[in-house]
Structures are given as structure tokens and as C-alpha cells.
Amino acid sequence: MTHDIYTRMRDTVLAALKGLDPSLPPEIADRVEVTPARDPAHGDMATNAAMVCAKALRQPPQKIAAALVAFLGEAPEVEEVTIAGPGFVNIRIEKPAFRALLPVILTHGESYGDSTAGHGRRVNVEYVSANPTGPMHIGHCRGAVVGDALANLMAKAGFQVTKEYYINDAGAQVTALAWAAYWRYLQAIGTPLTEEEFSAQVPGGLQYRGDYLVPVGAALAKQHGSALAQPDLGIAAPENWIDLVRDATIDLMMAEIREDLELLGVRQDVFSSERALVASGAADATIDRLAADGLIYEGVLEPPKGKTPDDWEPRPQTLFRSTQFGDDVDRPLRKSDGSNTYFANDIGYHANKLDRGFDMLIDVLGADHGGYVPRMRAAVQALSGGGTKFEAVLCQIVHIMRGGEPVRMSKRAGTYVTLRDLLEEVGRDAVRFTMLTRKADAQMEFDLDQAIAQTRDNPAFYVQYAHARCRSVLRSAVEMFGAAAIEPAVLATAPLDSLDDESDLTLIRRLATWPRTVEAAALAREPHRIAFFLYDLAADFHMLWNRGRDNATLRFLQPDQPAETQARLALVAATAIVIRSGLGVMGVTPVEEMR
RNA sequence: GCGCCCGUAGCUCAAUUGGAUAGAGCACCAGACUACGAAUCUGGGGGUUGGAGGUUCGAGUCCUUCCGGGCGCGCCA
């Protein structure tokens, strides 16, 4: 049986509707929902059933509502049922039914809130996937946190999740990286060349001038001496060193990135290399597969309407018929030098994921890749025959704010903020929590002052503080009554009738919405909802705590009232469990104390 | 020019995916420490949800159209 009392009530409502008309169409029944009441004056929950079913049952909503009132009024745990507005049915639940949730939470621990909504479907969540051309920066951070939390969330909601990182280690950018690392190598062995002289010799000029490659150059020098250079320490023929330098540099950069991910608390299950994929011929094989289905052709694209690039010239290209699957234009797969476009390789990669048997592929991307989504969706649809869903979660840009002013990101001005800088200044927990306080697809301002603040306007702090307070109470309880007093199994048997204050019940009702919050957030792919839930839960708890100052009977620990104390400890322990569970989804530490 | 995303209190953002009187925090004003943690809490003012139409029992949410911002638009990834 589900732990979600709203789902249970919905089942009861559906049973009532079936009683009215056994032939109620499933698509109508699907629209019936039982939701927590927004206003406590309306009761505890409400259903739209009467309005939704009016047409199918050929009866006015009021009449259906009246029938529901009669039926639900007899249902167990129901205290009162009323009709409101155009046909809402408001339901008030007996308090013991809500209180009964506490033993459930205490018994199940953090698995309370787990859902089976995912039906064990195999999902691949790909995120971060930064080029290994430098350390991670703020731009990567949001995608990393959102992807990681989304994966955790979907796992909790009953999906079988694989976390994946796609290493973009093929193409022109890593060649440019190799040249940049080679420059640092030449410097390390004392080349007479100046940076400008060197740059003039590099195809496309020297990129990646950041000093993070200095250690790479030093490592190459240590291992190879001057063997990779000309005898005069000038530039040797690229074919003699470029593969070696590129491989070594990518390895070192990836090691760096993995370290950054570790510091951020992100651990992916699978790292896939674009270069390995290309080398295996997977991309070309996939193109052949599409060609066999008649989805590849040589053609000439029209220039974009209204804005023709200056250097536009009609050009025959190898194209994928993505328009057959809803894309705006067909997409090129080969560059003029015959090599694959990024898209072609990415098709190969997604085919690889399909071969691994996933039912669903989710890419967490930067919003600047939004235009890329339709073509990838088209490719996955073509390759899977529509059997596998492709989704993208787009992350909008993050603006860093300090002292009310935006921090301009500039490598030259030295205000470039790496992920490591951010973590050192703000801390992992605050970074992760703050990144999840906005819908992914909305621009956000990351206020450094706020993220460091130890006050209510820092949600990370506020929620962690609530958890710390819970643990503080439980520690005190151990001192007062012994360790056995806070054993979940013991607390689960506590008599709970004394939990009768409005703030007690508000907190319990909040705990009751945890399962549906998890499920809804997972199905909407919106991990930020967990952050908001926890913030509200923390607020309920802090409020109850302070009520105890005015009203001693609401204090958690009352040495002369063991029964009441036990009930309150059950509430505190259950709250701590749910906070811990939610923070677990977000990848934030549930701290024991804040001192 | 076309496509996608967005526009909600002075500011930063929510809104149970079409539900009832649109909610929090910050800022502002007024209050609460004899406490198990006052790093907290209580109360107050603040809104034509960018504008205008439409769909229906019901719209911040869906459709149309303007205005304003972001991103993208053939061999970058």
C-alpha cells in the first residue's frame, strides 16, 4: 500500500465514481486528482472529480459532488466532506489518520517517499559533459548539480538510473588544446620562441592561454625531456608529437575535472569518450544504419531565412532527414574535409546508449544548445523506431553576484571564477542547494553573499539548521532518557494523541506531501521542487520550535511528561528523516550541528 | 527574418502542470530570548501575473497577436 494518503484517497474517490457509473472511461478517471488543500479552511484535501466527470456521467457537477459526499462521508478516516465552489469536494481527515504517518516514516526511514512511478524503466542521464580543455567553471556547475540531483530524484521515484558523462575529446578543440599544451612544454624545456612566434605557427593560432596548462607542460618535459621538440627547442613536426601530447593532456584535464566533480559531490557511473567511439567506427556504423532506412542523402541546404551569412555558398552535404521527425531543417553529418560533424558523432553516441538498452535518454544541456534538441530527438526517434524517448533538460545561464553587483567573468581581468574557486568560497552544500533553488530553465542570479550567509535568506543554511535542531533535540533526549528513547522502533509505538496543536498538524501534513512531491518532481524532471519542499518543511519546523517558547506544553522535551515527550520525539525524528532524505536527493550534507 | 525559452510584489523567485482569495524570502515597519540552539519566530503594508483579445464551470498556466529580455539559426562543441 502506498504511503501517500492523497493517493489512497484518490483510490477511494475513484471507487465512488465507479459506483456511480461502472463504465467511466479511463481517460476521464486519469484526470481525477486529490490534492492537498491550499487553504486549511477548506479542509485537508480536495478533489476535482465532480467537475471532471460531469460530461462523461451526464450529470451536473453539483449532483456528482453530492453523491461523493455521501460515499466519502462513510469512508474510514474521513471526518467531514463538503461541497465548495463549482463542484469541489473538500475532505477533512481525522487527525489520527495524519498522526499515523509518523510510525510509517519512522519504520521506513529514508525510503519513505520512494515511488514506483518509474516502473523500473532504465534511464540514462547525461550531464556535465564539458570539453576536457580546461578546469570546470560556473557554467558547468549548474548542469552538474541539476543533472546529479535529477538522477537521484528519478532513482527515488522508481527509475533505474545511470549517470553518465560524455567526454568531448575529439575534434578541432582538443587539437587546439594539444597545441596549447605543447607550448607549455616548449616553455618548460626553455624554448627561445616567444608566445607570438609560436602562435604564428599554430593552425588557427594559439588558444587556451590559461596557465592551468603549465603543469601539463612540465609533466611532458619531465617525461620526455626535449625529445618532442626540434634540437634547437623549436616546433617539431606535429605528426611526431601531437597524438601523444593530446592524449596526455586530455588524461590530465580529465583527472582535473574528475577531481572537481568529486569536490562537488558528483559521481557519474559511466564516462564515455567521443574519440573512442569514433575510433570504434560507431558513428559511421550508425550513419550507415540511417542510410539503410533512406534517411541520409546528399543535398544542399537553403540559407536561413532573412539572415544569409556573408560567406554563404550553396554546398552539397551529407544530410540527415531530421525534418521527417519534426526538425526544422535537415542536418549535416560531414564536414567538407570528410570528417564527422559533432552531431554525427553524437548520433553514434546516442545509438550506443540505445544499444545499452535504455528506455529513456535524458541530456542535461546548456540553454545555448536548445536549438540542438530537435535534431537529437529526431535521431533517437529514427534509431529506436520511437521506442525510446529522448528528453533534454536545459540549464540557463548563472549570473554571479557579489555585493549587489554582477561579477564579470573575464579570464584576462582575472575575475574568471572556476568551480573550485566557488567551492572554496561558498562550500559544496551551499553551492548545490543554491543551484537547485531555481527552475533549471530560468536564468538565475547566484548571490555569493547570500550563499555564505548564516540566515534564513540562505535556504541551504535554513534547511540544514532545521535538521541540526532536530538532531540537537534527539541528542538531548538521549541524555535525558537514554539511547533507547530515540530508537525509531520505540518511537513508532508512541501514543500520538497529544500532537494536537495546529503547528504540530501543519508539520505532519507537510510530511504527508513528501511522497507526492517526489513523484511530481521526478515526472516533471524538476529537482528544484525538492529544495522548495525542504524550505517549507524547515519553516514549519522552526515555527513549531518557537511556539514551544510561548507554550511550554509544545516543547519537545518535557521530563515530567514522558508520553507527550515521546510523541514529540517521534515528530522530530520523522522530520529529521524526511529532511535527510530530501537533502540526499540534492546531494547536500545533513549536518548534525551548525556550531 | 525564423525557431525555442522567459516576463509574477521595489529586488530574487514559487505557484500541487487548468483549480478556490496568486505565495515565500530580502528590503521596510512593529514585536518575542527564564528556551530542548533567538543563526529562530510572530504581526503589518506591498499585485490589472508585460498589454490586448480568445478557449471553459475556472487561466499566471492553453491559443492568437503585439511589447520587452535571453539563446540559437550549413563544415563550433
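Throughout, a chain's letter reflects where its sequence line sits, starting with A, and its residues are numbered from 1.
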Looking only at atom P, what distance separates B:G18 and B:U61, rounded to whole Å? 11 Å

Contact under 4.0 Å: A:Thr455 side-chain N or O vs B:A39 OP1/OP2: no

Using the C1' atoms only, state how far B:A30 lies from B:C11, rounded to an integer number of Å. 22 Å

OP1 or OP2 of B:A77 sitting under 4.0 Å from any side-chain N/O of A:Lys335? yes

When the ring centroid of A:Phe88 is compared with that of A:His42, is the distance short of 6.0 Å? no

Please measure how far the C1' atom in B:G53 lies from the corresponding atom in B:C13, and state the result in whole Å. 29 Å

What nucleotide among B:U40, B:G19, B:C13 has an atom nearest to a side-chain atom of A:Met51? B:G19

Using a 4.0 Å heavy-atom cut-off across all strands, classify A:Thr341 as base, sugar-phosphate, or nothing. nothing

Could you tell me whether A:Arg38 contacts a base, only the sugar-phosphate backbone, or nothing, with contacts defined as non-hydrogen atoms closer than 4.0 Å? base

Would you mind classifying the nucleic acid contact of A:Pro36 as base, sugar-phosphate or nothing, using non-hydrogen atoms under 4.0 angstrom? base

Taking atom C1' in both B:A9 and B:G47, what distance in whole Å separates the two? 6 Å

Atom-to-atom span, NE2 of A:His42 to P of B:U16 - whole angstrom: 17 Å

Should the pair A:Tyr349 and A:Tyr166 be assigned to parallel (<30°), tilted (30 to 60°) or perpendicular (>60°) ring geometry? parallel

Base-pair map of RNA chain B as dot-bracket, where | denotes pairing with a different strand and pairs are Watson-Crick or G-U under 3.5 Å: (((((.(..((((.....[...)))).(((((.......))))).....(((((..]....)))))).)))))....

Say we look at B:C26 and B:U56: how far apart would their C1' atoms be, to the nearest angstrom? 39 Å

Should the pair A:Arg10-A:Glu33 be classified as a salt bridge under the 4.0 Å nitrogen-to-oxygen rule? no

Classify the nucleic acid contact of A:Glu33 as base, sugar-phosphate or nothing, counting any heavy atom under 4.0 Å across all strands shown. sugar-phosphate

Need one value for A:Tyr6: base, sugar-phosphate or nothing, where a base atom within 4.0 Å counts as base even if backbone is also close, heavy atoms only. nothing

Side chain A:Asn90 and base B:A20 donor-acceptor under 3.5 Å: yes

Quick one: is B:A15 close enough that its OP1 or OP2 comes under 4.0 Å of any side-chain N or O from A:Lys439? yes

Could you please name the option among B:C13, B:A20, B:A77 that lies closest to any side-chain atom of A:Ala46? B:A20

Pi stacking test for A:Tyr535 and B:A24: under 5.5 Å apart, planes under 30°: no

Tell me, please, whether A:Phe325 has A:Arg377 positioned over its six-membered ring: NZ or CZ under 6.0 Å from the ring centre and within 45 degrees of its axis? no

According to the 5.5 Å centroid and 30° plane-angle thresholds, does A:Trp545 stack upon the nucleobase of B:C36? yes

Have a look at A:Glu479 and say if it touches a base, only the backbone sugar-phosphate, or nothing, with a 4.0 Å heavy-atom cut-off. nothing

Among B:G19, B:U40, B:G70, the nucleotide that comes nearest once only the side chain of A:Arg469 is considered: B:U40

Identify whether the distance between the nearest side-chain nitrogen and carboxylate oxygen of A:Asp449 and A:Arg402 falls below 4.0 Å. no

Ignoring the backbone of A:Met594, work out which of B:C36, B:U40, B:G37 is nearest its side chain. B:G37

Could you tell me whether A:Arg331 and A:Asp327 have a side-chain N and a carboxylate O separated by less than 4.0 Å? yes

Does a side-chain N-to-carboxylate-O contact under 4.0 Å join A:Glu502 and A:Arg509? yes

Distance check, C1' atoms only: B:C28 and B:U34, in whole angstrom units. 32 Å

Is the distance from OP1 or OP2 of B:U16 to the nearest side-chain N or O of A:Arg516 less than 4.0 Å? no

Looking at the side chain of A:His369, which of B:A77, B:C41, B:G3 is the nearest nucleotide? B:A77

Under a 4.0 Å N-O cut-off, is there an ion pair linking A:Arg568 with A:Asp504? yes

Closest to the A:Phe88 side chain: B:A20, B:C57, B:G74? B:A20

Which nucleotide in the set B:A20, B:G74, B:C13 lies at the smallest distance from any side-chain heavy atom of A:Trp312? B:G74

Verify, without hydrogens or angle tests, whether A:Asp169 (side chain) and A:Glu274 (backbone) share a donor-acceptor contact under 3.5 angstrom. yes

A:Arg334 vs B:G74: side-chain N/O to OP1/OP2 distance below 4.0 Å: no

From the candidates B:G70, B:G19, B:G74, the one with an atom nearest any side-chain atom of A:Leu301 is B:G74

So what does A:Ala84 hit on the nucleic acid, given a heavy-atom distance under 4.0 Å: a base, only sugar-phosphate, or nothing? base

Categorize A:Met543 for me: base, sugar-phosphate, or nothing, with a 4.0 angstrom heavy-atom threshold over every strand shown. sugar-phosphate

With no angle test and no hydrogens, is the base of B:U42 tied to the side chain of A:Arg547 by a donor-acceptor pair under 3.5 Å? no

Proximal nucleotide (of B:U16, B:G19, B:C41) relative to the A:Asn546 side chain: B:C41

Looking at every strand, decide which applies to A:Arg549 at a 4.0 Å heavy-atom threshold: base, sugar-phosphate, or nothing. base

Mind checking A:Phe343 for me? I need base, sugar-phosphate or nothing, with any heavy atom below 4.0 Å counting as a touch. nothing

Starting at CG of A:Asp39 and ending at C1' of B:A22, how long is that distance when rounded to a whole Å? 13 Å

Using the P atom as the reference point in each nucleotide, state the distance between B:U12 and B:C73 in Å, no decimals. 28 Å

When all nucleic acid strands are considered with a 4.0 Å heavy-atom cut-off, which category describes A:Phe556: base, sugar-phosphate, or nothing? base

Of B:C26, B:G70, B:A14, the nucleotide closest to the side chain of A:Arg456 is B:C26

Taking A:Arg142 for its side chain and A:Gln396 for its backbone only, find out whether a donor-acceptor pair lies under 3.5 Å. yes

Quick one: label A:Met401 by what it contacts on the DNA or RNA (base, sugar-phosphate, nothing), any heavy atom closer than 4.0 Å. nothing

Base, sugar-phosphate, or nothing: which does A:Gly171 touch, judged by heavy atoms less than 4.0 Å apart? sugar-phosphate

5' precedence on RNA chain B between A:Phe461 and A:Ala442 (nearest-nucleotide basis): A:Ala442

Regarding B:G74, can its base be found pairing with the side chain of A:Arg315 as donor and acceptor, where the two atoms are less than 3.5 Å apart? yes

Reckon A:Glu519 touches a base, only the sugar-phosphate, or nothing at all at heavy-atom distances under 4.0 Å? nothing

Assign each of A:Asp169 and A:Val300 the nucleotide of RNA chain B bearing its closest heavy atom; nearer the 5' end lies the nucleotide of A:Val300

Salt bridge present between A:Asp363 and A:Lys353 (N-O < 4.0 angstrom): yes

Taking the six-membered ring for Trp, are A:His399 and A:Phe446 closer than 6.0 Å centroid to centroid? no

